[in-house]
Asks: 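After the structure tokens below, expect a handful of questions from me.
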Amino acid sequence: MRRRFDPIVLWQMAVGVLLLGGWELVGLGPGGVWTSRPSLIAAKLAEWLQGSIYINIATTLTEVVTGLLLGSAAGVLAGLLLGRAPIAAGILRPIVVAFYSVPLVALAPLFIMFFGLDMLPKIVLTTIVVFFLLFFNTFAGATSVDADLIAQVELMGSTRIETFRKVVTPACMVWIIGGIKTALPYALVAATTGEMLAARRGLGFLLSDAASQFDMTSLYSALFILMLLGLLVGETANWTERHLLRWRHAEG
Amino acid sequence: MSGTRDLTSPSPRGRGLGGAGFAVPDFQAFLSTPLGRSLARLLLALVLLAVWQYQPSDKLRFWMSGPIQIVARLWTWLLDGSLWGNVGSTLLAMSLGYVIGTSIGIALGLLFGLMPRLHRVLSPYITALYAMPKIALAPLFVIVLGIGIESKVALVAITVFFLVLNSTLDGVRNVDRDLVRALSVMGATHSEVIRKVLIPATLPWIFTGMRIAVRYAFTNTLLAELIASNSGIGFMIEYYSGVFDATGTYAAILVLVIMSVGLTELLTQIEARMSRGSAG
Amino acid sequence: MPKVELSAVSKAFVTRDREVQALQPTDLAVEPQEFVALVGPSGCGKSTILNLIAGLLQPTGGTVRYNGAAVQGVNRAVGYMTQKDTLLPWRTAADNIRIALELKCRAGPRAEVEHRVAQMIDLVGLNGFEKHFPTELSGGMRKRVALARTLIYEPETLLMDEPFGALDAQLKLLMLDQLQTLTRQRRMTVLFVTHDLGEAITLADRVVVFSARPGRIRTIRTVELPRPRDVFRIRFTEAFAHLHESLWDELKDEVTRGTDV
């Protein structure tokens, strides 16, 4: 079944052409020093695609993905365990809530001071940022599992572990997925910030390097790639939610 | 079943613990009271601080500093006034950026809401810009606006703008068309419909967006200060860590934590007051 | 020995500073394979009794005995179908029905499990909806899933709290019929809470009428109608009408008393 061609797409393309055209014109004039122009940017991107860009993309992606995996695993585990230990939960909850709101990304310089220039400080930063997000979300989920669901499964004869596996963990999934959705863009921000502060490689490094040399064309090119990466991250977040939480979107 | 989990009698599982039958169950019960919890937290904090201060390795001392030194440094800052300038700079940048971003976000959101076709045409570009990590724009702003407060404000403004724009659009999309029609049928003019239906109905969404935006404004102010600024708390963190002054770094982070917790408290109070006001 | 025995069982709830007496000291004995219906106005403690037997609540006074032993903790010998359906929202209908058979205490060969699940789905008339999630099902359908998942592991005692309240009249009769067949076949003991006196008389061996809050037993009446009963036609018999009338008089008093309060 073919979708009907939506005329709005034509307008969107027209706007795009207008924007690019206008940019090109401005770029050819005196302001071009600040704005560069699409043709130059495209050329620079093409040049990068010949080879030098891949290591930078890989660096940033590695930092993001590693931090995401480590932070999520630790955060979910801690959240589940602590969430079901009511005494510990009661004691720790206000502390966790208070610290949840501190912008941990601002600690980037601290880790750079500890760990130097390479990927490690960014990975540590990303891991910690993701950890707290996921810990808090999972914790909230684990402490709010419907007691009736648990009682029902216990009546059927489930052991504690079975209750945990079959009820508590799936019930928390909504919260966990919510945490991952929030964490993904934050992980990218953390990695990029770290790279802009001090790095030898990475997209953030490309960006600040270009800025320090007043190379506007490279700057915009790097921004463009970061934008694409941001879109990729966002789509991954959405896909994860749609796929893992199918039962939520099912409507009667 | 629901809602009637037993509060009065001890849990069947709990009855088995503590063979002697006096110390353990009572201890557990005590920890569930507000007083018990506060004491536990206090104890936890004291233990952690003690370990931090008196940990034996001298090598670690350089990197870890200690609570006493950190507080002492903070005290010095308070006395010589250097702290307030930076705190003020952060707060100022955050507030200006917030106000600017919110105003433009609401205005454009309402505009797009009233002209949905315009919105649809522009929406892929908005989405693309929204996806970019805003902090990446910081170097650009520094080049164009310099290293002062303007670039910070610009970054915060753009971040807040996108958030509030999204929320406002959500709100406009959710306005009940029937309400609009009802008023139009009564004979209301276009601007009357906007004033009497559209804006009030969208307000809850706008407020939600504004609430979320405060956090992001704070975070991005700090990020901007890290990357390119010569004042502010973020700048302080960056500066002291740059010269490997661990005590200074931690002291600045402490200020950050205090500001953050204070901000959260303030927001909670404002929200409580507002919801009381609207309920009354 | 009675399957379930309540001896001077009372229950009070403490909320904030108020103490609410849900159940006054009550005695009740349910014999094995007996079908007992509990009727009464809202808030009279019927659900509380079920919770006590299931071990989800502890009595404030008296003892609850199951198979002669005092109930300590969760009572795994009973199946409990609650008023609010507690289906796991992330599992399909079939997966929800299957869950009791997945547990270690009841592990069985996969093929057999699937067979029984299919049987159950057929029994409650949900063919074609096995792969639907609870949010995709109507209230009545969710109840049927809850029924299936409780019956599938054939607990020796069944506790049911207004299980068919949300169903339309025709479906209700069908379900009542199925319930009668199954519980007699598997020799289950049943405690059945309902607002519907007709339902109670149709299925039960004895009907227990509760008073308004604070609840206590007002009357216990044996239902002398012969078994097996034709669920669809029994309400048109004279014996049914007599019983219904006399029980309704008792019940009516309590219901009006309840609403005055």
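Letters A, B, ... mirror the listed sequences (proteins, then strands); counts begin at 1.
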Asks: With distance as the sole test, does C/T86 use its side chain to make a donor-acceptor pair with the main-chain N or O of A/L149 at under 3.5 Å?
Replies: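 Between the backbone of A/L149 and the side chain of C/T86 there is no qualifying donor-acceptor contact (under 3.5 Å).
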Asks: Go through the structure and list residues passing side-chain hydrogen bond (donor to acceptor under 3.5 Å, both in side chains) with C/T189, not counting sequence neighbours.
Replies: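 Here no residue qualifies.
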Asks: What residues of residues 140-159 of chain C make heavy-atom contacts with chain A at a cutoff under 4.5 angstrom?
Replies: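 Hits under 4.5 Å: C/R149, C/Y153.
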Asks: Could you tell me whether a side-chain N or O of A/N56 sits under 3.5 Å from a main-chain N or O of A/L203, the two making a donor and an acceptor?
Replies: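 Checked: no pair found.
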Asks: When you measure from the side chain of A/T66 to the backbone N and O of A/E63, does any donor-acceptor pair fall under 3.5 Å?
Replies: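 Between the backbone of A/E63 and the side chain of A/T66 there is no qualifying donor-acceptor contact (under 3.5 Å).
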Asks: Taking C/K104 first and then A/E162, would you say they form a salt bridge - that is, a charged N and a carboxylate O separated by under 4.0 Å?
Replies: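 No salt bridge links C/K104 with A/E162.
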Asks: Taking the side chain from A/R201 and the backbone from A/I55, do they hold a donor-acceptor pair closer than 3.5 Å?
Replies: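 Between the backbone of A/I55 and the side chain of A/R201 there is no qualifying donor-acceptor contact (under 3.5 Å).
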Asks: Report, in residue-number order, which members of residues 180-190 of chain A are under 4.5 Å from chain C by heavy-atom distance.
Replies: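 None at all.
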Asks: Any salt bridge between C/R206 and C/E34, counting N to O under 4.0 Å?
Replies: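 The answer is yes: the pair qualifies as a salt bridge.
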Asks: For A/I161, is the CD1 atom crowded, meaning more than 12 foreign heavy atoms sit under 6.0 Å from it?
Replies: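 At most 12 heavy atoms, drawn from other residues, nucleotides or ligands, come within 6.0 Å of this atom.
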Asks: Is any side-chain heavy atom of A/F135 less than 4.5 Å from a side-chain heavy atom of A/L82?
Replies: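 The answer is yes; the side chains approach within 4.5 Å.
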Asks: Could you list which of residues 89-98 of chain C have a heavy atom closer than 4.5 Å to any heavy atom of chain A, in residue-number order?
Replies: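 Listed by number: C/P89, C/W90, C/R91.
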Asks: Can you find a pair of side-chain heavy atoms, one from A/M196 and one from A/F205, that are under 4.5 Å apart?
Replies: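 Not touching, per the 4.5 Å side-chain cut-off.
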Asks: Measuring only between side-chain heavy atoms, which start at C-beta, is A/T163 closer than 4.5 Å to A/R160?
Replies: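 They are not in contact (no side-chain heavy atoms under 4.5 Å apart), so the answer is no.
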Asks: Could you give the distance from CE (C/M81) to CD (A/Q152), rounded to the nearest 0.5 Å?
Replies: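 Going from the CE atom of C/M81 to the CD atom of A/Q152 covers 9.5 Å.
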Asks: Heavy-atom distance under 4.5 Å between the side chains of C/I53 and C/L6, does that happen here?
Replies: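 Answer yes - side chains close enough.
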